[in-house]
Amino acid sequence: MIDRIKTLLKEVDELKANNAEELEALRIKYLSKKGEISALMNDFRNVAAEQKREVGQFLNELKEAAQEKINTLKEEFSNTGNVDTDIDLSRTSYPIALGTRHPISIVKKEICDIFARLGFSIAEGPEIEDDWHVFSSLNFAEDHPARDMQDTFFIQHNPDVLLRTHTSSVQTRVMEKQEPPIRIICPGRVYRNEAISYRAHCFFHQVEALYVDKDVSFADLKQALLFFAKELFGQDTKIRLRPSYFPFTEPSAEMDISCNLCGGKGCPFCKHTGWVEILGCGMVDPNVLENCGINSKIYTGYALGMGVERITNLKYQVKDLRMFSENDVRFLRQFESAN
Ligand code: DAH
């Protein structure tokens with residue numbers, strides 16, 4: 001019997017388990033009621049009285065060694081993160097590392113929410129567009145430079161399939177289908193063939209607004225712009241409109257806001273002018289209305305469009321535009337509190 005115990009002692013010492021099931025099998029083999037050690041305990045009754053002491057000591061040693069070995073193997077599992085027999089499978093998997101909203105999404109939503117409060121609803125259009133919706137319907141002349149391959153991405157050299165260069169294409173898509181009154185806000189991604197640098201990218205985001213109804217005037221546009229600027233940048237914000245040119249609006253303007261970094265006093269960011277440009281706007285050109293089947297004698301409208309990255313830069317002073325598309329969580333996590 002002592003020999004048998006010694007063999008088992010050696011065996012136990014060399015035990016190995018690769019997973020929880022194997023470990024459980026070992027426990028059953030050695031320590032369970034029907035296991036090796038129990039069997040030896042039973043045989044122990046038949047051991048001659050004069051040998052009982054010696055055999056008993058060996059037996060105890062074996063029992064302890066087996067117990068200890070199984071415990072050690074178990075601990076190894078929990079330390080290495082392997083499946084533990086004690087694991088609670090009903091436990092929730094929290095804490096889950098939650099992501100944060102992208103700064104562009106935060107600002108885009110903020111812009112849309114402000115216009116929603118003025119009664120605008122969201123409209124969307126395709127990013128892969130045709131010439132009509134991006135250029136022709138919007139009154140772009142045949143030889144307008146934006147139609148050049150250098151500015152616009154065309155697909156497979158087909159000049160009628162291109163990546164939209166602005167969200168103004170959604171204006172046309174909606175006006176073709178819907179009768180006025182139309183009051184829409186169109187957020188979306190746009191593409192331009194630009195060399196990538198800290199201040200330009202080949203894709204970025206815009207938000208477009210369009211309001212078409214009877215008697216819509218430039219005064220309505222100006223009031224909406226003032227409301228928008230104050231809501232987005234704070235009630236002290238001032239706006240200024242400068243005459244400009246866009247093929248699809250007449251008259252056209254660009255809107256500046258008082259620099260929110262220096263409060264209008266002048267700083268490097270606003271190039272010491274106290275003003276920063278944030279959007280283009282104007283009264284929808286009657287040609288555009290007619291192109292979409294809307295009677296320009298009855299209806300008028302205003303439109304405006306802005307770059308979301310530019311506004312985000314203004315709000316959060318992001319110096320390098322490339323940060324927005326690099327997916328660096330150290331950058332992205334900084335906007336958590338703005339969620
Ligand atoms: N589409 C113009 C751009 O990408 C922005 C713009 C200007 C949109 C004036 C408008 C507008 O709706 O009225 O630069």
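Remember, it's 1-based here, ligands and their atoms both numbered in the order they're listed.
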Sub-4.0 Å atoms of ligand 1 with respect to non-hydrogen atoms of Arg192: 3 (C), 4 (O), 14 (O)

For Ile239 and Trp275 the tightest heavy-atom approach is C-CZ3, 3.8 Å

Looking at Phe44, does the NZ or CZ of Lys52 lie under 6.0 angstrom from its six-membered ring centre and within 45 degrees of the ring axis? yes

When you compare the side chains of Tyr30 and Gln67, does any donor N or O come within less than 3.5 Å of an acceptor on the partner? no

Within the 4.0 Å heavy-atom shell around Gly280, which atoms of ligand 1 are there? 7 (C), 9 (C), 11 (C)

In ligand 1, which numbered atoms sit nearer than 4.0 Å to a non-hydrogen atom of Thr249? 13 (O)

Is there a polar contact between ligand 1 and Ala303, counting only N or O atoms under 3.5 Å apart? yes

Does the side chain of Ser136 pick up a donor-acceptor pair with the side chain of Asp131 at under 3.5 Å? yes

Starting from atom 12 (O) of ligand 1, find the nearest protein heavy-atom neighbour and note its residue, name and distance. Glu208 OE2, 2.6 Å

Identify the closest protein heavy atom to atom 2 (C) of ligand 1: which residue and atom is it, and at what distance? Phe248 CZ, 3.9 Å

Side chain, backbone, both or neither: which part of Met306 has a heavy atom under 4.0 Å from ligand 1? neither

What about the rings of Phe248 and His133, do their centers lie closer together than 6.0 Å? no

Regarding ligand 1, does Leu304 bring an N or O atom to under 3.5 Å of one of the ligand's N or O atoms? yes

When you check the side-chain N and O atoms of His205 and Glu309, is any donor under 3.5 Å from an acceptor? yes

For Gln206, the ligand 1 atoms with a heavy-atom partner under 4.0 Å come out as 3 (C), 4 (O)

Looking only at heavy atoms, is any part of Tyr302 under 4.0 Å from ligand 1, and if so is it the side chain, the backbone, or both, or is it neither? neither

Determine whether the side chain, the backbone, both or neither of Met283 has a heavy atom under 4.0 Å from any heavy atom of ligand 1. neither

Ligand-residue contact atoms, ligand 1 with Gln171, heavy atoms, under 4.0 Å: 12 (O)

Those atoms of ligand 1 less than 4.0 Å from some heavy atom in Gly282: 13 (O)

More than 12 non-hydrogen atoms from neighbouring residues, nucleotides or ligands closer than 6.0 Å to CD on Glu290, yes or no? yes

Centres of the Tyr302 and Tyr211 rings: under 6.0 Å? yes

Enumerated ligand 1 atoms positioned under 4.0 Å from heavy atoms of Ser168: 1 (N), 8 (C)

Below 4.0 angstrom, N of the basic side chain to O of the carboxylate: do Arg192 and Asp151 qualify? no

